[in-house]
Every structure is written in structure tokens, then in C-alpha cells.
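Report on the following structure.
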Amino acid sequence: MKPLLFALPGNTHLADSLVSQLDAERGTLTLREFPDGESYVRIDSPVAGREVVLLCTLDRPNAKLLPLLFLARTARELGATRVGLIAPYLAYMRQDQRFHEGEAVTSRHFAQIVSLFADWLVTVDPHLHRFSDLDEIYSVPNRVVHAAPLISQWVARLNTPVLIGPDGESEQWVAAVARAAGAPYLVLQKIRRGDRDVEVSVPDIELHRSRTPVLVDDIISTAHTMIETVGQLKRAGLAPPVCVGVHAVFAGSAYRDLRAAGATRVVTCNTIEHETNAIDVAAVVGTAALELMDRSPGAQPGEAGSVSSM
Ligand code: R5P
């Protein structure tokens, strides 16, 4: 029997390509909120004896987590053989240490909850900083897909780009994108004083003055990191930059603010649906999911361990 893919609200943009790539059928479900704020969850397609794939990107995760858990648990109760989760954006990866006394290391707790209900996990460029591998916190088989090769293809179309990473954490993405695009890169220094208080140092960019600056970061959330960098580049007399983010989180007015700050173009991958999506990750995500899915009686899917898929 074909697997069933259920796309949660806000995930339909990736669903069609994944259904065809996974040779799956589209499942239907009903999700709504009771007047008291509790969730109503109903699986409308028969799942008995079938592998279930839940497609749910995890920006704004708090409201999504419980319905996901209810869905996964219900699918298993109704006889699904396994329930995998494709979460193109994986939340809670940045609170990966106790920065101040008493703080929750939410990366760990979130990972434990997801590992309770998902049999496997596929995601795109999780913010791995102090954890070097998802296996340090997730106990289910997983695949990490890297967007760098796709971003490089997009960047290579620009006229003499110079890639710019706003901080040391971004070097892993910027270096990979630059290498594949055959372009130079610079990494700046960032000091974050608060959620919306970010200072980025001015680099020595004289060598690259004639090039098109392309800022690359994994997450654009408040956009303050990019806004500060755009401002510094402007003050240094560079051309207005193109901003490329893997994940279009865009909290509040972040997108408008970034455009107003002077970004000529803002481009993101379609891990979170947004008008800036220009880089399609569906094919690489589908390939990674296929590696974890139980596609034949003799298959041995889900060996523990995260493997990077490029
Ligand atoms: C942080 O380390 C990440 O790589 C991004 O630089 C950060 O999440 C961006 O956040 P914001 O858009 O709020 O400045």
C-alpha cells in the first residue's frame, strides 16, 4: 500500500511535489480549535497498515506541536505502520545552552517531545551550533538536508557576487555556498545584546568593492542581524546587497523592515511558505525522506543516525 502524506495547514506548497516523489497518496484530516483553545484532530483517510508522513514546518512551533503529537499518536492507534515527520524548518534549535542561570535548554526538551511521536525526521539546515549533530538531542533516525548547493546555483546567476556571512555561526553556510558558486566570501562579527539589539562589525571589504554583496544566513527572524549588516555595508559604500536566507521565519514586520533598510532583493528557500521563496527544496527533501521510509518488506529503514543529504 502506498504511504499517506498529510500536509498540515501552511504546508501545501511542498505537498504536491512530495506526494509524487514519495509515490504516496494525499491524506485528509480535520484540525480545528474548540472555543476553549483545545485542539480537535480527526484523521479522515484510512491509515491502517500504511506508512504515514506528516509534513509540517515548525516555525511558530507552540501551536503546532500538540496537534502534531495528537495526529501521530492517533495514526499509530489506528494502525499506521510508522509515522515520519518532514519538518523543513526545525524550531527551538537556537536555545541550545543555558545562557543564564535557570533558563530552559529548549532544544533538548523540544527534541525529546518530537522523538516521542515521530518514528523518523527529515529537516533542512537545522541551526546546529553548539550541538554538532541532531543525534545529540533527537533519538529517532533523521536526515539533514543542506540547502547550500541550491543556494549556490541561485547565487551563481548573479554578476560577480561576494558572499557575506553576518556572524561566525553563518560561516558553515556561507563557505559552502561560496565554494560551490566559485565566489569569495567574508564573515563578519556579531554582538547580540538582546532579541532586537544586534551590532555587526565592518569588515575590510576593499578587495571586493566592485562585487555584488550577497548576505547569506540560515534564519531570518527579526531580521535585525541582516538589517544591521545591510546598514554597515551601506556605510562602507558598497552596492545594496541581496539577502538570502534558508528559513523565512520573518517575525512581525521583519520582512518590511529589511526591505526598508535597503535590501534590493530578499530570497529564501521554501522551507516556510513566504513571498520571498525562490529556491525549491522539495526534491532534496523528498530524496532524504525516501531514505528513511519503509518502501519494501525487506527494507531496513530507520537505522539510527543522521546522514547529511546534499
Ligand atoms: C543566529 O545565530 C542565526 O544564524 C541567525 O543569524 C539569527 O537567527 C537571525 O536572527 P534575527 O533575524 O532575529 O537577527
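Counting starts at 1 for both ligands and their atoms, in listed order. One-based numbering along the sequence shown.
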Does any donor atom in the side chain of [X] or [Y] lie under 3.5 Å from an acceptor atom in the other side chain?
X: Asp217; Y: Ser170; answer: no
X: Thr222; Y: Asp195; answer: no
X: Thr287; Y: Glu291; answer: no
X: Glu171; Y: Tyr185; answer: yes

Go through ligand 1 atom by atom and flag the ones less than 4.0 Å from a non-hydrogen atom of [X].
X: Arg94; answer: 7 (C), 8 (O), 10 (O)
X: Asp218; answer: 3 (C), 4 (O), 5 (C)
X: Glu169; answer: 1 (C), 2 (O)
X: Ile220; answer: 12 (O)

Below a 4.0 angstrom heavy-atom separation, can you tell me which part of [X], side chain or backbone, both or neither, approaches ligand 1?
X: Asp195; value: neither
X: Ser221; value: both
X: His127; value: side chain

Subject >> Closest heavy-atom pair and its distance - Leu128, Met93 >> reply: CD2-CE, 3.7 Å
Considering non-hydrogen atoms of the protein only, which is the closest contact for [atom], and what is the distance?
atom: atom 9 (C) of ligand 1; result: Ile219 O, 3.4 Å
atom: atom 11 (P) of ligand 1; result: Thr222 OG1, 3.4 Å
atom: atom 10 (O) of ligand 1; result: Arg192 NH2, 3.3 Å
atom: atom 5 (C) of ligand 1; result: Asp217 OD2, 3.2 Å

Original post:
Who's closest to atom 14 (O) of ligand 1 heavy-atom-wise, of Ile227, Asp257, Thr225?
Top reply: Thr225
Subject >> His109 ring center within less than 6.0 Å of Tyr92 ring center >> reply: no
Original post:
Is the closest heavy-atom distance from Ala223 to ligand 1 below 4.0 Å?
Top reply: yes
Subject >> Residues Leu121, Leu134; criterion side-chain contact (heavy atoms from CB on, under 4.5 Å); working and verdict >> reply: CA-CA 10 Å; Leu121 169 70; Leu134 277 190; 4.2 Å; yes
**OP:** Would you check, one step at a time, whether the test salt bridge (charged side-chain N to carboxylate O under 4.0 Å, His left out) holds for Arg259 with Asp257?
**Re:** CA-CA 5 Å; Arg259 293 302 304 260; Asp257 299 346; over 6 Å; no
**OP:** Give me the one residue out of Gln95, Arg94, Glu169 that meets side-chain hydrogen bond (donor to acceptor under 3.5 Å, both in side chains) with His127.
**Re:** Glu169
